[in-house]
Amino acid sequence: MPSGSGSRRRRPRRAGPRLTVVLVSSSSSDEEGGEEEEEEEEESEGPRRRGGGGGEARVSATEGKAVVSGGEAEGPNLPSCPICMLAWTADGAHRVSCIPCGHVYGRYCLERWLLQCGKKKAPQVLLLREKNESLEKQQAKLLEEIKEHKVLAQKRQIMLHQNVIYESTSKKQKMTELTSDGTPDAEPIASLTEDIDHRNLCSFVLQNEFLVDGARVMGIDASSQVILTSGRGPGVGAEHILTKISMFARQGMQKIDLPPDTKAIRDICILPRGHAVFASLGRKLSLFSMATNNVVLQYNLPAPGWSCSGDHTSSTHLYTGLQNGMLLVFDIRQTSAPLHCMMGLSTHPVHTIRSAVDGSGSRKVFSASSIGPCIWDVDGGEDRPNLLSGMENQGVCISLACAPPSSDLLVASYRPKVELPDDSATPQAITPQSPAPTGSGKLGHHTLLRRAATTSFAKDQTCSGNVSDLRMSKSAIIPCGGNQHLFAYGDESLYGVRTWRLPSFQTYTDLRPHRQPILDLRFAESSTGERYLGCLSAEKLQVFTVR
């Protein structure tokens, strides 16, 4: 049959990939048949026979021009095959073919694509699908980053809003207190200004806030401007980890895995020369290198560790207080066993340890357990500590702050003991107590102790404060120059840090509150004089510069 008649003929089917195509044929005899579209199923094959002769005609993908049925060459501007980039023909092996997805190729190139790649999709469709998948992944990643950014921004906005409300409320409360005695407003403010010489006291400037999750304890390296925090890692059943935080970098957080069986860290103490020591409930006392972020030395303890400290006069001595009331002394040059094992006055946990040097140059260790503050003679022959005079039956001692480095001033914090009901009392005689409001803690007290002699202290002023009814909280004494000091404590009613002037215990200032109770509070001073106060809750860490 002549090739220009616009007709077609069936060829035998062969095995191979199948694809539905639409043939678009055109002939020079448009007046007879015009343009015609036919749909058929074709198999993959190489050579094609042209009607009207016995010879075979092959169409190569490298042909310079395609021949139409009328024998005339196609113009250079006509559409071409997207695979070989050559113009397709009206009929023959490279005739134009349209597949169901709408893409048009030369017939020969389409069959070759099926044979070589075995794909049942057009090349352009596959390429678009890959691009779409890549774009979808990028979009999902961007959406996740935007979501995280929004969450952090909302948390910061909430904290800023709460700080504004708190500052406004505090100002109103102070004005109310000053005018509550019926005197004119100006007189109490003037008398208060005269009583407090602000030139010799401290100011607290908030330098940074970090959102933390699950941190319980902290230590401040003022010289390196680095903070270590510890808590359980994210996830159910996760191990406890260390987090290394740069004070003045928003993204300066580094998670550090601890050795197995370390368990919860109860106390962290920063040592000179780039080291830290921490005591943990896994019965471990660990020496940590701040430079390499590794535990370089670890001691096994006879009981869970609750507190730890370095020595102001020796860089090789370490102290740790245990859950059973013992105090252990280590020398890091001897790694086999402690130098001294000293029994306490009770079997209650030693929750605070502070090393000091008395007037004679002898090394002393101050500690606190629930029975009260004690002093240990680690250089002498005494095997047991002495309870500081006047501290008997004060309640449950939950914190001890020492003025560095001589510890001539101490502040011990107490909460009331739980009084068990008397079995002999009749039910009518028992008056049930009204429950305390949530977040208010218990009404406890803080007691100032002054050094009276080399090894003795005298009880001084006392003030009331809202303390935790569960936790052994931390506190700090902050030197302010001119032999003046401030006492800082995480007040339970404020969910923030309150400071008092010593020795009068006059309220000085309240720092910005948290949404949860203060868990740890640390003051640190570098060798060059920079001073920092850090306060930690379960939600965030605040860093103040003390000026």
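In this chain, residues are counted from 1 in sequence order.
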Which atom of W306 lies closest to which atom of R266, heavy atoms considered: CZ3-NH2, 3.0 Å
Check: C308 main-chain N/O paired with D267 side-chain donor or acceptor under 3.5 Å: yes
Atom pair CD1 (I371) and NE2 (H348), whose distance is rounded to the nearest 0.5 Å: 8.0 Å
Stepwise side-chain contact (heavy atoms from CB on, under 4.5 Å) test for T352 and M472: CA-CA 9 Å; T352 306; M472 303 294 182; over 6 Å; no
Pairing residues for D311 by the salt bridge (Lys or Arg N to Asp or Glu O under 4.0 Å) criterion, not counting sequence neighbours: R363
Residue pair C535 / L521: nearest heavy atoms and the distance that separates them: CB-CD1, 3.9 Å
Residue K263 excluded, over 12 heavy atoms near NZ under 6.0 Å: no
4.5 Å side-chain heavy-atom contact, V546 and L486: no
Listed partners of S369 passing side-chain hydrogen bond (donor to acceptor under 3.5 Å, both in side chains), at least two apart: none
Contact summary for L345 and C374, nearest pair of heavy atoms: CD1-SG, 3.8 Å
Non-neighbouring partners of Y299 that pass ring-ring contact (aromatic ring centres under 6.0 Å, His included), sequence neighbours left out: F330
For D331, all residues meeting salt bridge (Lys or Arg N to Asp or Glu O under 4.0 Å), sequence neighbours excluded: R333
Smallest separation among heavy atoms of V350 and S307, with atom names: O-OG, 2.8 Å
Heavy-atom pair of closest approach, residues P513 and Q542: O-NE2, 4.2 Å
Point-to-point distance, once rounded to the nearest 0.5 Å, from CD1 of I477 to CG of D408: 10.0 Å
Side-chain heavy atoms of V329 within contact of H317, under 4.5 Å: yes
Worked verdict on V497 versus F544 for side-chain contact (heavy atoms from CB on, under 4.5 Å): CA-CA 11 Å; V497 176; F544 294 88; over 6 Å; no
K459 NZ to Q394 CD distance, which is reported to the nearest 0.5 Å: 4.0 Å
Whether E539 side chain and R515 backbone form a donor-acceptor pair below 3.5 Å: yes
Flag side-chain contact, heavy atom, 4.5 Å: R354 against L410: no
pair D510-D491: side-chain heavy atoms closer than 4.5 Å: no
Distance in Å, L328 CG paired with L322 CG, rounded so as to fall on 0.5 Å steps: 5.0 Å
Residue pairs involving residues 272-286 (criterion side-chain hydrogen bond (donor to acceptor under 3.5 Å, both in side chains); sequence neighbours excluded): K284-N300, S286-Q298
Check: S230 side chain, I241 main-chain N or O, donor-acceptor pair, under 3.5 Å: yes
D213 CG: over 12 foreign heavy atoms closer than 6.0 Å: no
Intermediate values then yes/no, side-chain contact (heavy atoms from CB on, under 4.5 Å), V543 and I245: CA-CA 11 Å; V543 181; I245 303 173; over 6 Å; no
Close side-chain approach of Y319 and C269, heavy atoms under 4.5 Å: no
Kindly list each side-chain donor-acceptor pair under 3.5 angstrom involving residues 218-229, sequence neighbours excluded, with atom names and distances?
{"residue": "D221", "atom": "OD1", "partner": "S223", "partner atom": "N", "Å": "3.4"}
{"residue": "D221", "atom": "OD1", "partner": "S224", "partner atom": "N", "Å": "3.4"}
{"residue": "D221", "atom": "OD2", "partner": "S224", "partner atom": "OG", "Å": "3.2"}
{"residue": "Q225", "atom": "NE2", "partner": "Y532", "partner atom": "OH", "Å": "3.0"}

Side chain H351, main chain C397, donor-acceptor under 3.5 Å: yes
Shortest non-hydrogen contact between L443 and S464, atoms and distance: CD1-CB, 4.0 Å
side-chain contact (heavy atoms from CB on, under 4.5 Å) evaluation trace for V277 with T320: CA-CA 10 Å; V277 61; T320 182; over 6 Å; no
Gap separating the CG atom of L533 from the CD1 atom of I478, nearest 0.5 angstrom: 4.5 Å
Partner residues of H446 under the ring-ring contact (aromatic ring centres under 6.0 Å, His included) criterion, sequence neighbours left out: F487, Y489, W500
Stepwise side-chain hydrogen bond (donor to acceptor under 3.5 Å, both in side chains) check, S475 with S413: CA-CA 9 Å; S475 54; S413 302; 4.6 Å; no
ring-ring contact (aromatic ring centres under 6.0 Å, His included) against F278, all qualifying residues, sequence neighbours excluded: none
Approximate separation, where rounding is to 0.5 Å, of Q139 CD and E136 CD: 7.5 Å
Donor-acceptor contact below 3.5 Å, side chain K474 vs main chain V217: no
Residues in ring-ring contact (aromatic ring centres under 6.0 Å, His included) contact with Y414, at least two apart in sequence or another chain: H445
Criterion side-chain contact (heavy atoms from CB on, under 4.5 Å) against W376, the qualifying member of H340, R384, M342: M342
Residue pair S493 / R498, side-chain heavy-atom distance below 4.5 Å: no
pair N466-L494: side-chain heavy atoms closer than 4.5 Å: no
Residues forming a side-chain hydrogen bond (donor to acceptor under 3.5 Å, both in side chains) with D520, sequence neighbours excluded: R522
For R450, side-chain hydrogen bond (donor to acceptor under 3.5 Å, both in side chains) partners two or more places apart: D460
Heavy-atom check, side chain of E239 versus side chain of T262, under 4.5 Å: no
S537: side-chain hydrogen bond (donor to acceptor under 3.5 Å, both in side chains) partners, not counting sequence neighbours: H514
Any donor-acceptor N/O pair, S355 side chain to G310 backbone, under 3.5 Å: yes
